[in-house]
Amino acid sequence: MLNKFELLMPGTLNEALTQYAELGSKCKILAGGTDVLVEMHGGRRYYSLLMDIKNLEELKGVEYTPRKGLAIGALTTHRCLEQMPVIKEKYPALYDGVSQVGCVQTRCRGTIGGNICNAVPSGDTLGPLLALNAHLILQSTKGIREIPFEEFFLGPKKTVLESGELLIKILIPPSVPNSSSAYTKFTRRKAMDLALLGATVSIASMDGKTCDNVRVSLTTAAPTVMRAKKTEEFLIGKELTEKMMKEAGEIASAEAKPRSSWRSTEEYRREVLKAIVPRTIAAALERVQKGVAHP
Ligand SMILES: Cc1cc2nc3c(=O)[nH]c(=O)nc-3n(C[C@H](O)[C@H](O)[C@H](O)COP(=O)(O)OP(=O)(O)OC[C@H]3O[C@@H](n4cnc5c(N)ncnc54)[C@H](O)[C@@H]3O)c2cc1C
């Protein structure tokens, strides 16, 4: 059962920010509600005042230009992104992420902004956004600021969002020539489930064999989504043979900070990383070779 709550439905961003500045933490932001309402329904959270932001036009829409890249409104649903050819063609790791969030019903309702602001390490868009070097536009009555995605998370369920501040947009730079990306979601069962682990690789290779540039991120492998910087350093300049990819998996497994939980032990998670990191490098490289995500 849901507890009783008051609902605010501002019609413009200005109205929303003014109300949110006054109310601060007394008020819970509601986008698609697939996290907030589920938590309330399960009795895990009690909110007496919700602000539904679904009417804010300023948080809607997706724009792509080859020069500037992608700008995604925070209210964009996973389903909308999944169905946009530009996402699949230019940002395939993000396509891999959004298309694996829950079921179609969840993806029709859940927003990318909600996935980010919910700030759990298993969020399926987080690894792709980190590996694709996303930036976030945040706004409050005090002004607008842009921050790199990797500076957004402070811990599980903790972000740098200040009181009265909303996530407005997600920016992703244009894909460079001879580059591509992939996200692997590892779950315990072949059914709707959260990522037990995830790996994202965004790679550039002029000859389709050597790694010229790379970003690697790991999902559910630490308290927040993390970049695997030692793995990246190891890969740059190397020919991506099976042996190299296997070694990269071992480095990623060693630099990850997974914990044991009821879902799996730390040791098991480290073993899985050794398998999914090479698999994800291979998938991204294969896409470079096939020309997916060429501008
Ligand atoms: C059945 C089911 C299956 C699911 N499976 C998956 C899965 O496989 N993978 C996965 O990653 N997630 C999954 N989820 C979780 C959820 O669907 C996603 O996290 C979704 O993207 C949340 O978006 P939302 O718009 O519904 O967020 P909401 O529930 O509306 O909000 C989530 C959080 O973000 C805050 N928030 C939302 N928008 C903003 C904003 N613009 N500015 C500031 N704060 C904001 C809210 O206050 C809240 O704290 C699942 C959920 C369900 C119910």
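What you see is a predicted model; the values in this text were computed from it and never measured. Just so you know, ligand 1 is whichever comes first in the structure, and atom 1 is the first atom listed for that ligand.
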>> Name the residue from Leu240, Ile281, Val288 that meets the side chain to side chain contact (heavy atoms under 4.5 Å, CB included) definition with Cys211.
In response: Leu240
>> Would you say that more than 12 heavy atoms from the other residues, nucleotides or ligands in this model lie under 6.0 Å from the NZ of Lys68, or not?
In response: no
> Nearest non-hydrogen atom to atom 14 (N) of ligand 1 belongs to which of Val38, Val101, Leu75?
Replying inline: Val101
> Is there at least one pair of N or O atoms, one from Leu37 and one from ligand 1, spaced under 3.5 Å apart?
Replying inline: no
>> Is a donor from one side chain sitting under 3.5 angstrom from an acceptor on the other, for Asp124 and Ser122?
In response: no
> Side chain or backbone of Val120 under 4.0 Å from ligand 1, or both, or neither, by non-hydrogen atoms?
Replying inline: neither
>> Evaluate Glu165 for polar contact with ligand 1, using N/O atom pairs at a separation under 3.5 Å.
In response: no
> With respect to atom 12 (N) of ligand 1, which of Ile170, Leu166, Asn115 exhibits the smallest heavy-atom separation?
Replying inline: Asn115
>> Does the residue Lys185 have a heavy-atom contact with ligand 1, meaning some pair of atoms that are separated by less than 4.0 Å?
In response: yes
>> Against ligand 1, does Glu39 come closer than 4.0 Å with any heavy atom?
In response: no
> Polar-atom distance check: Thr106 versus ligand 1, any N or O pair below 3.5 Å?
Replying inline: no
>> Judged on heavy-atom distance to atom 49 (O) of ligand 1, which of Arg109, Lys28, His41 sits nearest?
In response: Lys28
